[in-house]
Amino acid sequence: MSDYTLSASAISRLVRSGDVKAVDSVSSAFTRIEQVEPRVDAFLHLDRAGAMAAAEAVDRMVASGADPGPLAGVPVAVKDNIATPDLPTSCASRILKNYVPPYSAAVVERLRSAGAVIVGKTNMDEFAMGSSCENSAFKPTRNPHDLSRIPGGSSGGSAAAVASAMVPVSLGSDTGGSIRQPAALTGTVGFKPTYGRVSRYGLIAFGSSLDQIGPFSRTVEDCALLMKVISGRDPRDSTCSSTAVPDFLSFLNDGVRSLRIGLPAEYFIDGMQPEVEKSVRAAAEVFTSLGARTLDISLPHTRFAVAVYYVVATAEASSNLARYDGVHYGYRTPEAVGLVDLYQKTRRDGFGDEVKRRIMLGTFALSSGYSEAYYKKALQVRSLMKRDFDLAFQDVDVIIAPTTPTTAFRIGEKINDPLSMYLSDVFTISANLATIPAVSLPCGLDSSGLPIGIQIMAPPFREDLVLKAAASLERALGIAPLTADP
Ligand code: GLN
């Protein structure tokens, strides 16, 4: 088998029927990885031996008449902040370099018991803080559509691996846009589930009230398939919901007739790339032509999103990252004189600049005398933002918006300007603060041939609405799957 552009759904069908061997599916993925990875740099760790052994186990199941599961023999890449007990999980940080967790993330268990084969761990911004993959302590990842540009972040490696067809699907994490933003910039489908839909057990924490794991794929069908496998209750994550998980694949042909679609005024702003606005508005017209109704709506507190996020997320990060002390695990400075010196030098050398910036911001926002003015205020505005969505969803079923204000920018372009980097998430952050599900899928290309993403959001636990709208648009546009050949 050598068609590396096969979808996950197609691979698993072929493997389960015995027409294709899982070992061939996995070795074809490694052939593609050998061809393009040297230019893209999507991976931090590859595990050919482990992957081939897992594929052989799948083939043995098929041979014995057992069903290996809905992802039988599907090569999958996993972001490096998701715990794998047989592969390093570094969060692209020096402080966790070569760290191998003692346990599996819930999503990794679920992937493996569905027959998926993990080929490696993908590059990311350190501790998922960033929008370009340039904050990795080890290397930047490149956008397979244009190697001089960033793939987005923080899940840039997972996005680039799927965009260049090294794997059909991967997992990322999204705290403020880290799945949807890189999906938009690489022409892939990226889904941030409702907060609580997917277990965070084994996801290394950044902003615990915002973090969710979700899939990247090249088709909406594969997105629904992965969502079905990874969603559902897990007693090891107390915030993971026991809300029933519907068969996400069953909504893909429902169509959008009489669906009410909101276009929020606040998501079409001065300074955004005109081609992005044009593409998203054209997609809105496609929805109308399919029988949906579009309505202009307002989410009035949107303008506070970036400010609120950078207080809440950094406050949570400063607390979550206190555990990296050089004592429990991870990097320890060899030069310490005494305990305080050990903490200081370990953290000074172990963390990169952006992570330190976030820890300082968060510590300040939580410190005595300031927490009322910053942290508490941010939580209050977060509730107002959530209420904006609750009110809007009384009138519309889903909301559509651009995923990002621009297409992929150049490597180095924003790295010395944190504020302009933070602004690349203006359109994605609100869904995390409001805990709602949101997808990004390709809706066009700009004049340089770079992908443009459209975002579809729905009320909590209405992933079904997101997926049926996304599947209808994908069919009508006919541009997916986009595959880059770097
Ligand atoms: N880019 C945003 C940040 O830097 C979002 C990151 C994420 O979703 N993990 O925090």
Side-chain angles (χ1 to χ4, degrees), residues 78-82 91-93 122-137 140-141 150-159 170-186 190-193 195 198 200 203-216 305-318 320-321 351-362 365 378 382 403-406 408-409 413-415 417-440 453 455:
V78 174
K79 188 176 180 178
D80 207 33
N81 59 351
I82 297 175
C91 276
S93 180
T122 55
N123 196 23
M124 53 185 283
D125 288 294
E126 184 177 4
F127 282 101
M129 297 172 185
S131 307
S132 69
C133 234
E134 293 164 294
N135 292 337
S136 166
T141 293
I150 57 95
S154 64
S155 317
S158 288
S170 62
L171 290 185
S173 68
D174 191 312
T175 305
S178 278
I179 294 174
R180 290 159 290 152
Q181 186 257 21
L185 304 190
T186 59
F191 202 117
K192 184 207 81 82
Y195 184 80
V198 176
R200 292 181 296 115
L203 170 66
I204 295 182
F206 165 10
S208 308
S209 76
L210 304 159
D211 299 339
Q212 270 294 289
I213 295 171
F216 287 93
V306 173
V308 168
Y309 172 81
Y310 278 93
V311 174
V312 174
T314 59
E316 293 181 12
S318 72
N320 277 324
L321 271 59
F351 289 137
D353 288 348
E354 184 59 29
V355 174
K356 288 179 194 160
R357 186 179 291 128
R358 305 280 179 113
I359 292 172
M360 285 189 283
L361 272 169
R382 182 178 183 179
T403 310
T404 56
T406 67
F409 45 92
E413 194 177 320
K414 299 192 178 180
I415 196 67
D417 183 357
L419 196 57
S420 102
M421 189 73 89
Y422 296 175
L423 286 171
S424 62
D425 301 309
V426 273
F427 298 149
T428 50
I429 280 172
S430 298
N432 301 79
L433 291 168
T435 75
I436 61 174
V439 77
S440 176
Q455 192 176 193

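Order of appearance sets the numbers: ligands from 1, and atoms from 1 within every ligand. Computed from a predicted structure; not experimentally measured.
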For ligand 1, list all ligand N or O to protein N or O distances below 3.5 Å, rounded to 0.1 Å.
{"residue": "ligand 1", "atom": "1 (N)", "partner": "Gly130", "partner atom": "O", "Å": "2.9"}
{"residue": "ligand 1", "atom": "1 (N)", "partner": "Ser131", "partner atom": "OG", "Å": "2.9"}
{"residue": "ligand 1", "atom": "1 (N)", "partner": "Asp425", "partner atom": "OD2", "Å": "2.6"}
{"residue": "ligand 1", "atom": "4 (O)", "partner": "Gly130", "partner atom": "N", "Å": "2.8"}
{"residue": "ligand 1", "atom": "4 (O)", "partner": "Tyr310", "partner atom": "OH", "Å": "3.4"}
{"residue": "ligand 1", "atom": "4 (O)", "partner": "Arg358", "partner atom": "NH1", "Å": "3.4"}
{"residue": "ligand 1", "atom": "4 (O)", "partner": "Arg358", "partner atom": "NH2", "Å": "2.7"}
{"residue": "ligand 1", "atom": "8 (O)", "partner": "Thr175", "partner atom": "N", "Å": "2.7"}
{"residue": "ligand 1", "atom": "8 (O)", "partner": "Gly176", "partner atom": "N", "Å": "2.6"}
{"residue": "ligand 1", "atom": "8 (O)", "partner": "Gly177", "partner atom": "N", "Å": "3.2"}
{"residue": "ligand 1", "atom": "8 (O)", "partner": "Ser178", "partner atom": "N", "Å": "3.0"}
{"residue": "ligand 1", "atom": "8 (O)", "partner": "Ser178", "partner atom": "OG", "Å": "2.7"}
{"residue": "ligand 1", "atom": "9 (N)", "partner": "Ala128", "partner atom": "O", "Å": "2.8"}
{"residue": "ligand 1", "atom": "9 (N)", "partner": "Thr175", "partner atom": "OG1", "Å": "3.4"}
{"residue": "ligand 1", "atom": "9 (N)", "partner": "Ser178", "partner atom": "OG", "Å": "2.7"}
{"residue": "ligand 1", "atom": "10 (O)", "partner": "Tyr309", "partner atom": "OH", "Å": "2.6"}
{"residue": "ligand 1", "atom": "10 (O)", "partner": "Arg358", "partner atom": "NH1", "Å": "2.9"}

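- Residues forming a side chain to side chain donor-acceptor pair (under 3.5 Å) with Asn135 (at least two apart in sequence, or on another chain): none.
- Between Glu126 and Ser93, the side chains place a donor N or O and an acceptor N or O closer than 3.5 Å (distance only, hydrogens not considered).
- The two residues Ala128 and Phe206 make their nearest non-hydrogen contact at O-CE2, 3.3 Å.
- Side chain to side chain, Lys79 and Ser155 meet the donor-acceptor criterion of an N or O pair below 3.5 Å.
- Within the structure, side-chain hydrogen bond (donor to acceptor under 3.5 Å, both in side chains) contacts touching residues 306-316 (residues at least two apart or in different chains) are Ser209-Glu316.
- For Ser132, the side chain to side chain donor-acceptor pair (under 3.5 Å) criterion is met by Glu134, not counting sequence neighbours.
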